[in-house]
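This report refers to the structure that appears directly beneath it.
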Number of protein chains: 2
Amino acid sequence: MKSKFIDYVKSFVDVPKSEQDKLTSLIKIRRISKGEVYLLKGQSARTISFVNEGLFRYFYVNKKGNDLTKVFIPENFILLAYSSILEKRGAYYTIEALEDSEIEEIEFTKFDELCYNHPCWNSFLLKILQNALLIKEQREREFLMFNAGQRYASFLCKFPDLEGRIPQHFIASYIGITPETLSRLRKFR
Amino acid sequence: MKSKFIDYVKSFVDVPKSEQDKLTSLIKIRRISKGEVYLLKGQSARTISFVNEGLFRYFYVNKKGNDLTKVFIPENFILLAYSSILEKRGAYYTIEALEDSEIEEIEFTKFDELCYNHPCWNSFLLKILQNALLIKEQREREFLMFNAGQRYASFLCKFPDLEGRIPQHFIASYIGITPETLSRLRKFR
DNA sequence: ATAATGCATTGATCTATATCAATTATCTAA
DNA sequence: TTAGATAATTGATATAGATCAATGCATTAT
């Protein structure tokens, strides 16, 4: 079986064939339709997945009922509510599919067993955590130093392929402004 | 030699005595006085340290010359400009001591060799990265959902011991507001 | 094709926070 | 211990971005 998940892992670390086979045997292909909720706020995450095609977003809901987008996860990225797993608590956010999507999914407990039995998996985890850290650091920097227009410019720069695929109001909720403000920003570019 | 750094590592992962000794042999104790710059923006980081006593802050400088605090690192935490090391580039931020401080310092290249030769060190790295991720996720959530007053309340809650140790304008720069605004927020509590 | 729903735009305000300026308080160093 | 520097407070005003409301534009479903 051809697995994009495994190709992705191999792009970061060396994985012996035997370990690749173990992962393959655990993967379940799953389709999730546009609009479907993958993980509901308050639920504990139990899986680690790779997005073969499609697009997801993680979002918080504030007291007024507005939603704020934490991150977009498109094809060829890992779909994982890691904080929920680490803290063994319900997630702060909901994850929904923005497009009809296909993922390769594994129970996290099974993945943990892999980690326990061969170091390559922890190395992989370390790599994606390092990546996540760099991305989060940039986002923190931009919230501290950038105004709305600069954050929008940075979004376009970081996710050139998402512009057009995503309704504007989701982009607004990612950069932390209202759709009206984003619309006005766009008029002057 | 008694090392708080090693105690800290042992609080996360098992470290064989032989590995402990290797770390000990690499540690250099260093004192840094209040106001001293530990890492200047643009310089590449080369060390990983543990703060025995004292307090540091990481800060960005924007175009107007105002500084924005990324994080405070007090005693018993790791002092490390990891993004600079990972990306092999000059740091985006400056690190300065806010108090006379003592750190246990190691060349990161040496630490890397430890990692290469025994898995406990990578496990440790993984743990502190997981921690960092949780903290950064919370900060992202608060920038998205909280106003200035809520971010200040959260700061007090997360760092109860720092209030009073740190000039207010640094706290303001951490939560992303001006000192004037923080002063006004404080009047009504 | 038409209705219905959700999305984007635009205008008129409102509000949180920034900016500028002056004053007072606190710290630091000779 | 006092002078100078740095920090905090307070007031007046400015501004980025939010909110509310209306209209127009697409997309989907009937």
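Letters A, B, ... are given to chains in the order of the sequence lines, protein chains preceding strands, and every chain is numbered from 1. Predicted model, so just to flag it, every value in this text is computed and none were measured.
In the 5' to 3' direction, nucleotides of DNA chain C lying under 4.0 Å from heavy atoms of chain A begin and end at C:dC7 to C:dA12.
For D:dT6, the OP1/OP2 oxygens have no side-chain nitrogen or oxygen of B:H169 closer than 4.0 Å.
Counting non-hydrogen atoms of other residues, nucleotides and ligands closer than 6.0 Å to NZ of A:K158 gives a total above 12. A:R165 CZ: more than 12 foreign heavy atoms inside a 6.0 Å radius.
Two rings, from B:F159 and B:F155, have their centers less than 6.0 Å apart. For B:F111 and B:F108, the gap between ring centers is short of 6.0 Å.
Once rounded to the nearest 0.5 Å, the distance linking CG of B:N62 with CG of A:L144 reads 10.0 Å.
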Could you walk me through whether A:R57 and A:D67 pass the salt bridge (charged side-chain N to carboxylate O under 4.0 Å, His left out) check?
CA-CA 11 Å; A:R57 86 175 176 122; A:D67 64 68; 3.0 Å; yes
Check against side-chain contact (heavy atoms from CB on, under 4.5 Å), A:Y152 and A:R186:
CA-CA 9 Å; A:Y152 179 54; A:R186 284 165 52 86; 2.9 Å; yes
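Salt bridge annotation for B:E19-B:K22: present, with a cationic side-chain nitrogen under 4.0 angstrom from a carboxylate oxygen.
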Distances under 3.5 Å between protein N/O atoms and the N/O atoms of nucleotides 15-18 of chain D, please, pair by pair.
{"from": "D:dG17", "atom 1": "OP1", "to": "A:A148", "atom 2": "N", "distance (Å)": "2.9"}
{"from": "D:dA18", "atom 1": "OP2", "to": "A:T178", "atom 2": "N", "distance (Å)": "3.2"}
{"from": "D:dA18", "atom 1": "OP2", "to": "A:T178", "atom 2": "OG1", "distance (Å)": "3.1"}
{"from": "D:dA18", "atom 1": "OP2", "to": "A:T181", "atom 2": "OG1", "distance (Å)": "2.6"}

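A:P167 comes within contact range of the sugar-phosphate backbone alone, with a heavy-atom separation under 4.0 Å but no base atom that close.
Going from atom CD of A:Q168 over to atom P of D:dT27 covers 13 Å, rounded to whole Å.
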